[in-house]
Protein chains: 2
Amino acid sequence: MSSNDPRLLALQQALPELRLTTEASELEHYGRDWTRRWTPAPLAIALPTRIEEVQAIVRWANEQGVAVVPSGGRTGLSGGAVAAHGELVLSLERMNKVLAFDAVDRILTVQPGIALEAVHNAAREHGLVYPVDFAARGSCSIGGNIATNAGGIRVIRYGNTREWIAGLKVVTGSGELLDLNRGLIKNSSGYDLRQLLIASEGTLGIVVEASLRLADPPPPTNVMLLALPSFEVLMQVFAEFRSRLQLEAFEFFTDRALQHVLAHGAQKPFEELHPYYVVTEFAIGNEAQEAAAMAAFEACMEQGWVSDGVISQSDAQAAQLWRLREGITEALAPYKPYKNDVSVRISAMPAFLAETQTLLGQAYPEFEVVWFGHIGDGNLHINVLKPDGLDNDEFVRQCEQVTKLLAQSLRQHAGSISAEHGIGLVKKGYLDSTRSAAEIAVMRGIKQVLDPNGLMNPGKLFDP
Amino acid sequence: MSSNDPRLLALQQALPELRLTTEASELEHYGRDWTRRWTPAPLAIALPTRIEEVQAIVRWANEQGVAVVPSGGRTGLSGGAVAAHGELVLSLERMNKVLAFDAVDRILTVQPGIALEAVHNAAREHGLVYPVDFAARGSCSIGGNIATNAGGIRVIRYGNTREWIAGLKVVTGSGELLDLNRGLIKNSSGYDLRQLLIASEGTLGIVVEASLRLADPPPPTNVMLLALPSFEVLMQVFAEFRSRLQLEAFEFFTDRALQHVLAHGAQKPFEELHPYYVVTEFAIGNEAQEAAAMAAFEACMEQGWVSDGVISQSDAQAAQLWRLREGITEALAPYKPYKNDVSVRISAMPAFLAETQTLLGQAYPEFEVVWFGHIGDGNLHINVLKPDGLDNDEFVRQCEQVTKLLAQSLRQHAGSISAEHGIGLVKKGYLDSTRSAAEIAVMRGIKQVLDPNGLMNPGKLFDP
């Protein structure tokens with residue numbers, strides 16, 4: 001640490017073993033997430049290794065009036081981990097260990113900085129699974145997953161992160177350590193603060209330990225890629241597959257999305273082009289299920305809802321098919337896409353999709369728009385690619401105009417402006433499309449209770 | 001309504017169509033729940049039929065400074081619905097309809113006063129199930145289930161009420177209507193107030209509508225009754241069955257419990273007496289599962305963990321076996337039992353059970369103690385029966401001494417003083433055995449946000 005800032009000197013003095021840095025490259029590295037809209041400008045980066053250090057840092061922040069940005073894998077897409085206004089970034093990166101496993105409880109206890117993929121591996125070592133999964137698994141941290149109630153590609157079968165949190169240790173905005181629910185299955189003893197902390201985006205406190213419920217491994221599965229001739233048949237194909245099969249995933253993407261993934265090195269699945277695709281994974285634990293999969297496919301072919309299909313014959317091929325869907329975000333990254341991550345009830349999907357398609361076609365005639373999404377959860381990802389040469393601020397400004405229209409449509413369809421990315425900085429201007437003024441007032445009141453000085457990730461979710 | 005209380009006259013004038021009563025028998029009927037420790041003394045009973053009426057009542061309560069006790073089926077065992085201090089009882093009894101069903105979303109939308117059993121029936125009509133279930137199903141209301149995050153006999157397989165609530169409409173303590181989550185599967189847009197309201201025992205607001213997720217019907221099941229020779233083998237039998245079968249329920253009770261149910265008219269399952277019994281229900285969707293059930297039974301017999309058993313050969317026999325467990329609460333009711341409803345992690349069960357057995361044996365040498373519980377969830381129900389002739393207040397006083405010791409033991413084992421009944425009046429003195437002072441302070445702060453005048457079910461959960 002080489003800073004003469006008296007606040008930082010006081011912190012370093014209080015915690016001589018704390019890794020604390022103000023090096024320019026570190027400030028830039030830890031000051032931003034996968035959004036690239038803000039210029040990182042944190043005061044410093046603290047990398048504690050123990051809960052007591054986290055508490056001491058928060059107490060120091062209250063004494064000095066310094067804002068704190070809790071920081072995990074910084075793979076967020078809503079700016080929730082951005083530090084652009086002299087905040088202290090409190091990175092949980094060094095608190096990344098598995099602490100315990102209990103086979104009777106089927107609970108894995110971990111530190112918050114552990115990557116999702118490391119959680120998967122630890123669960124597998126014990127013959128179990130942690131079933132929340134998505135493409136950023138290698139980089140994102142479980143603490144960040146909890147802070148946004150991360151969803152992903154298995155929600156249709158296993159639900160969101162919320163369903164798998166058996167206990168949380170949290171340091172509140174006033175530095176208190178709360179040990180919430182402690183792995184109990186049944187506990188009706190007042191307000192479930194564990195649930196309140198999940199999806200609070202670091203604005204109420206910092207997750208410093210999590211107890212994760214694990215599940216039995218899923219049955220053997222197959223992966224199928226379907227080519228669809230039009231957008232209108234999508235929900236019918238979904239209904240057909242859902243009624244016949246135990247779906248583990250049902251993901252949709254457009255040909256534009258596929259072209260980007262192919263350009264990034266993936267293997268072409270069909271000779272011909274098709275406008276829309278679905279990747280679905282389903283249980284094939286017995287012969288009846290295998291037959292049902294073929295029956296679903298054939299029924300869709302007969303109806304003309306599906307024009308081609310391929311079913312995985314091996315794990316390698318399953319991975320290849322999945323790559324077509326999971327490679328999209330990475331393939332689009334160089335285009336600095338403007339992202340919407342929206343949801344409606346499944347039943348509202350057909351009307352909402354039709355309306356959105358019209359809206360985007362009219363609003364973005366000159367921009368390339370790439371769609372994909374978790375259709376079985378009512379969750380759609382819309383990516384608008386920045387044309388070469390267009391200034392980024394101007395690009396964002398134009399996109400925001402369309403987001404305003406999209407937010408209106410979401411309000412009509414009782415949807416959400418953020419399905420799984422969180423609100424952060426990116427969507428706080430649209431929070432009122434999803435939450436009423438009365439709800440937002442209650443949220444502000446609750447923040448005041450847990451973070452009386454307003455120092456926990458201020459400006460995220462809503463303005464102070 | 002025949003009262004000259006100016007507050008009630010004002011209410012009746014504001015809402016001429018509201019059913020409002022101060023008749024003595026109604027005050028007594030609606031002023032208490034299944035606990036019998038408090039003398040009902042409400043100001044009046046209001047039975048609204050519409051959300052707008054509920055809001056108007058709450059606004060009136062704030063103007064007049066009248067406390068409100070939200071009231072459902074009043075089957076609670078913690079005094080959560082008791083009105084003993086001049087409160088207005090706001091009964092949701094007349095708001096008891098199914099409002100909507102959506103087959104694509106698989107969501108049933110209901111009013112809060114509907115009985116759990118009516119929800120089961122409505123789900124079944126659509127070929128689906130609402131899987132939360134317990135013995136009070138015919139009388140308890142879904143609003144009360146939500147207010148206590150009700151658990152019951154299927155938690156091992158389906159979780160608690162919390163898992164099945166897709167949306168809630170709530171009138172807060174200041175009369176605001178919040179429309180929370182609206183059936184969305186993915187919605188990461190700030191604090192999940194729906195989750196906060198679940199298990200809040202009417203202290204933050206009143207549930208006026210609920211959207212319930214439904215599930216596929218379970219596979220065919222069998223029910224097995226097991227006789228156990230000793231207490232120590234219980235967790236081993238559980239582990240054996242859990243590892244081999246898909247358990248739908250795993251319930252434990254003592255011979256004393258059985259004797260009470262038999263005296264109440266149930267049919268004797270075995271010729272001989274055994275000290276402990278288990279009722280378990282498990283999927284038998286295919287031959288492998290049927291074979292696994294027999295294998296689990298035989299493995300336990302070989303180990304000497306099970307001394308006898310019977311497996312249901314028909315639905316009627318399954319119901320008969322279940323009656324042995326489900327009839328306990330009703331059979332004990334005439335003895336005015338003092339109830340503990342406690343939980344620990346499953347892994348802590350063996351040590352906790354042993355310790356508790358010793359504690360109760362020493363503490364209650366002269367009282368009859370009847371145990372049963374949901375072993376697979378770490379949930380134990382302890383019922384102490386009042387001896388004939390002992391004054392009830394004295395009986396409760398003596399029992400409370402033991403609850404203090406039990407609470408100490410729970411604190412050591414990181415358990416909960418209330419697994420599924422809620423805290424209410426009965427357990428608020430022991431809340432600090434389960435929740436830390438910091439947690440309770442946060443809860444109080446949150447109540448202040450949603451119920452600034454402290455009028456929603458005051459004195460329940462914690463003192464004002």
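Residue numbers start from 1 in every chain, and the chains themselves are labelled A, B, ... in the order their sequence lines are given, proteins ahead of strands. Given the structure is predicted, the values throughout are model-derived calculations rather than measurements.
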Options [options], ranked by heavy-atom pairs under 4.5 Å with chain A, top entry:
| options | answer |
| --- | --- |
| Asn181(B), Leu204(B), Val155(B) | Leu204(B) |
| Ala103(B), Gly376(B), Gly151(B), Gly422(B) | Gly422(B) |
| Asp192(B), Asn286(B), Asp216(B) | Asp192(B) |
| Asn149(B), Thr172(B), Ile107(B) | Ile107(B) |
| Ser78(B), Ala239(B), Gly415(B) | Gly415(B) |
| Leu180(B), Leu196(B), Ile198(B), Ile185(B) | Ile185(B) |

Please identify, among [options], the residue contributing the most non-hydrogen atom pairs under 4.5 Å to chain B.
| options | answer |
| --- | --- |
| Lys427(A), His374(A), Met349(A) | His374(A) |
| Thr203(A), Ile440(A), Ile417(A) | Thr203(A) |
| Ile423(A), Asn187(A), Leu431(A), Ile446(A) | Asn187(A) |
| Arg444(A), Glu163(A), Gln195(A), Arg194(A) | Gln195(A) |
| Glu201(A), His421(A), Arg242(A) | Arg242(A) |
| Ser347(A), Ser343(A), Gly445(A) | Ser347(A) |

[X], part contacting chain A, at a heavy-atom distance under 4.5 Å:
| X | answer |
| --- | --- |
| Arg345(B) | both |
| Phe238(B) | neither |
| Asp102(B) | side chain |
| Val442(B) | both |
| Leu193(B) | both |

Measuring from [X]:[atom1] to [Y]:[atom2], what's the distance to the nearest 0.5 Å?
| X | Y | atom1 | atom2 | value |
| --- | --- | --- | --- | --- |
| Leu184(A) | Ile346(B) | CG | CD1 | 10.0 Å |
| Tyr191(B) | Leu461(A) | OH | CG | 5.5 Å |
| Arg162(A) | Arg162(B) | CZ | CZ | 9.0 Å |
| Leu178(A) | Arg435(B) | CG | CZ | 9.0 Å |

Hey, does the side chain of [X] reach the backbone of [Y] with a donor-acceptor pair shorter than 3.5 angstrom?
| X | Y | answer |
| --- | --- | --- |
| Lys186(B) | Asn160(A) | no |
| Ser189(A) | Ser416(B) | no |
| Arg182(B) | His413(A) | no |

Where on [X] is there a heavy atom nearer than 4.5 Å to chain B: the side chain, the backbone, both, or neither?
| X | value |
| --- | --- |
| Tyr430(A) | neither |
| Ile156(A) | neither |
| Thr161(A) | neither |
| Val104(A) | both |
| Lys460(A) | neither |

- Message: Show every salt bridge (Lys or Arg N to Asp or Glu O under 4.0 Å) that has at least one partner inside residues 168-179 of chain B, sequence neighbours left out.
- Response: Lys169(B)-Glu209(B)
- Message: Holding to side chain to side chain contact (heavy atoms under 4.5 Å, CB included), I want the full list of residues that pass it with Thr148(A), two or more places apart in sequence or in another chain.
- Response: Ala150(A), Ser188(B)
